[in-house]
Amino acid sequence: MDVKAMKDRLLELVSVFEDKESELTELDRAIGDGDHGVNMVRGFKALPDHIDDSSMQNLFKSTGMTLMSNIGGASGPLYGFSFVKMSQVVEDDIDNENVKALLQAFSEAIAQRGKVSLNEKTMYDVIERANEAVRNGEKVDMEKLQSFANATKDIEATKGRASYFKADSVGFVDPGAQSSVYILNALIGED
Ligand code: ADP
Ligand code: MG
């Protein structure tokens, strides 16, 4: 995938998050403060004005900087930092082999910035499981990504705002896990 194709995929996320805004709002209303839908729409709506497609590295870096200063909440710095970290490893043409380093960087960035590990009921659960699956050469389609997000339902949150809900957080999909399904689908999904 070249820089133009990846740019199109990132810009498509503007309408994806507009479509999914109320879904993410509902999820964050259950175990947070209800702003995750609005946050993601605001972040991606800023993208067309700030995205730099002069190289794949600049595409990821400009996306990261834009998300960092426009999403807000806990998720803004996490997604923003991840794209900046991915920009340091991404190659000009993303293929099945070098995409592994890209996802590894995504996962490591969240782990580092969020001080999070698996099964804490966050976006990291989806991102790290997608990373593992891609590393193992498995096909990671929308259905598989959604299954990773759905698995956060049974977990009690121990990170972020959802952790204040303690046992009451069980039974709901984590909002950031759900938004990361769409971001990962843009990065690695098939057309
Ligand atoms: P806020 O919690 O500040 O309102 P958002 O609603 O935009 O921010 O994002 C919430 C999401 O951020 C959660 O659903 C979770 O996936 C993610 N999150 C929060 N804290 C962490 C963390 N320490 N590590 C990884 N992800 C986190
Ligand atoms: Mg929130």
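One-based numbering, in listed order, for ligands and for the atoms of each. Values in this document were obtained by computation on a predicted structure and should not be read as measured data. Atoms considered below: every heavy atom in the structure, side chains included; atoms not considered: hydrogens, waters and symmetry mates.
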* Which residue owns the protein heavy atom closest to atom 2 (O) of ligand 1, what's the atom, and how far is it? -> Arg161 NE, 3.4 Å

* Do the side-chain N and O atoms of Gln178 and Gln146 include a donor-acceptor pair separated by under 3.5 angstrom? -> yes

* ligand 1 contact by Pro175, heavy-atom criterion under 4.0 angstrom -> yes

* Structure fact -> Near the Mg ion (ligand 2), protein N/O/S count under 2.8 Å comes to 3

* Are any of the N/O atoms in Tyr124 less than 3.5 Å from those in ligand 1? -> no

* Asked: Hey, does Leu78 come in under 3.5 Å of ligand 1, counting only N/O atoms on both sides?
  -> no

* To do: Do me a favour and list the nearest non-hydrogen protein atom to atom 8 (O) of ligand 1 with residue, atom name and distance?
  => Ala74 N, 3.0 Å

* Looking at Lys159, which atoms of ligand 1 are within less than 4.0 Å of one of its heavy atoms? -> 23 (N)

* **Protein residue, atom and distance nearest to atom 20 (N) of ligand 1, heavy-atom basis** => Gly160 CA, 3.6 Å

* Asked: Considering all heavy atoms of both residues, which atom of Ser179 and which atom of Tyr79 are nearest to each other, and what is their separation?
  -> OG-OH, 2.8 Å

* Structure fact -> Between Ile94 and the options Asp92, Asn96, Asn98, the side-chain contact (heavy atoms from CB on, under 4.5 Å) test singles out Asn98

* Lys115 near ligand 1, heavy-atom distance under 4.0 Å? -> no

* Measure across Lys121 and Ser169 and return the closest heavy-atom pair with its distance rounded to 0.1 Å. => NZ-O, 2.9 Å

* Plane angle bin for Phe17 and Tyr182 - parallel if under 30°, tilted between 30 and 60°, otherwise perpendicular -> perpendicular

* To do: Please list all pairs passing the side-chain hydrogen bond (donor to acceptor under 3.5 Å, both in side chains) test where one or both residues lie in residues 126-135, with sequence neighbours left out.
  => Gln104-Asn131, Ser107-Glu128, Asn119-Arg129, Glu128-Asn131

* Counting heavy atoms only, which of Asp174, Asp28, Ile127, Thr122 is nearest atom 13 (C) of ligand 1? -> Asp174

* Heavy-atom nearest neighbour in the protein, as seen from atom 5 (P) of ligand 1, with distance rounded to 0.1 Å -> His36 ND1, 3.5 Å

* Could an N or O of ligand 1 be found under 3.5 Å from any N or O of Gly176, whether backbone or side chain? -> yes

* Quick one: do Val116 and Ile155 end up in the same hydrophobic cluster if we chain Ile, Leu, Val, Met, Phe, Trp and Tyr together by side-chain heavy atoms under 4.5 Å apart? -> no

* To do: Answer yes or no: is there a donor N or O on one side and an acceptor on the other, between the side chain of Asp49 and the main chain of Ala46, under 3.5 Å?
  => no

* Counting N and O atoms only, with roles assigned by atom type, does the side chain of Glu18 sit under 3.5 Å from a partner on the main chain of Val41, one being a donor and the other an acceptor? -> no

* Asked: At a 4.0 Å threshold, what atoms of ligand 1 neighbour a non-hydrogen atom of Val116?
  -> 24 (N), 25 (C)

* Which of the numbered atoms in ligand 1 are below 4.0 angstrom from a heavy atom of Asn39? -> 5 (P), 7 (O)

* To do: Have a look at Leu145 and tell me which of Val181, Asn150, Ile127 forms a side-chain contact (heavy atoms from CB on, under 4.5 Å) with it.
  => Val181

* In the protein, what heavy atom is nearest to atom 17 (C) of ligand 1, and what distance, to one decimal place, separates them? -> Met123 CE, 3.8 Å

* **Any donor-acceptor pair under 3.5 Å from Ser69 side chain to Met65 backbone** => yes

* May I ask you to check whether Asp35 has an N/O atom sitting below 3.5 Å from an N/O atom of ligand 1? => yes

* To do: List the steps and the verdict of side-chain contact (heavy atoms from CB on, under 4.5 Å) for Leu67 and Phe81.
  => CA-CA 9 Å; Leu67 298 182; Phe81 182 65; over 6 Å; no

* Give the atoms of ligand 1, by number and element, whose distance to some non-hydrogen atom of Asp33 is under 4.0 Å. => 4 (O)

* Structure fact -> Exactly one of Leu27, Thr25, Ile31 clears side-chain contact (heavy atoms from CB on, under 4.5 Å) with Arg29, and that residue is Thr25

* To do: Report yes if some N/O of Ser75 lies less than 3.5 Å from some N/O of ligand 1; otherwise report no.
  => yes

* Stepwise side-chain contact (heavy atoms from CB on, under 4.5 Å) test for Lys85 and Gln112 -> CA-CA 11 Å; Lys85 289 308 251 185; Gln112 184 192 340; 4.3 Å; yes

* Asked: Are any of the N or O atoms of Ile110 closer than 3.5 Å to those of ligand 1?
  -> no

* Structure fact -> So the atoms of ligand 1 within less than 4.0 Å of a heavy atom of Gly73 turn out to be 3 (O), 8 (O)

* Asked: If you measure every N/O of Gly114 against every N/O of ligand 1, is any gap under 3.5 Å?
  -> yes

* Exceeds 12 heavy-atom contacts within 6.0 angstrom, atom NZ of Lys45 -> no

* Take Ser180 and Tyr124 through the test side-chain contact (heavy atoms from CB on, under 4.5 Å) and record every step on the way to the result. => CA-CA 9 Å; Ser180 69; Tyr124 183 70; over 6 Å; no

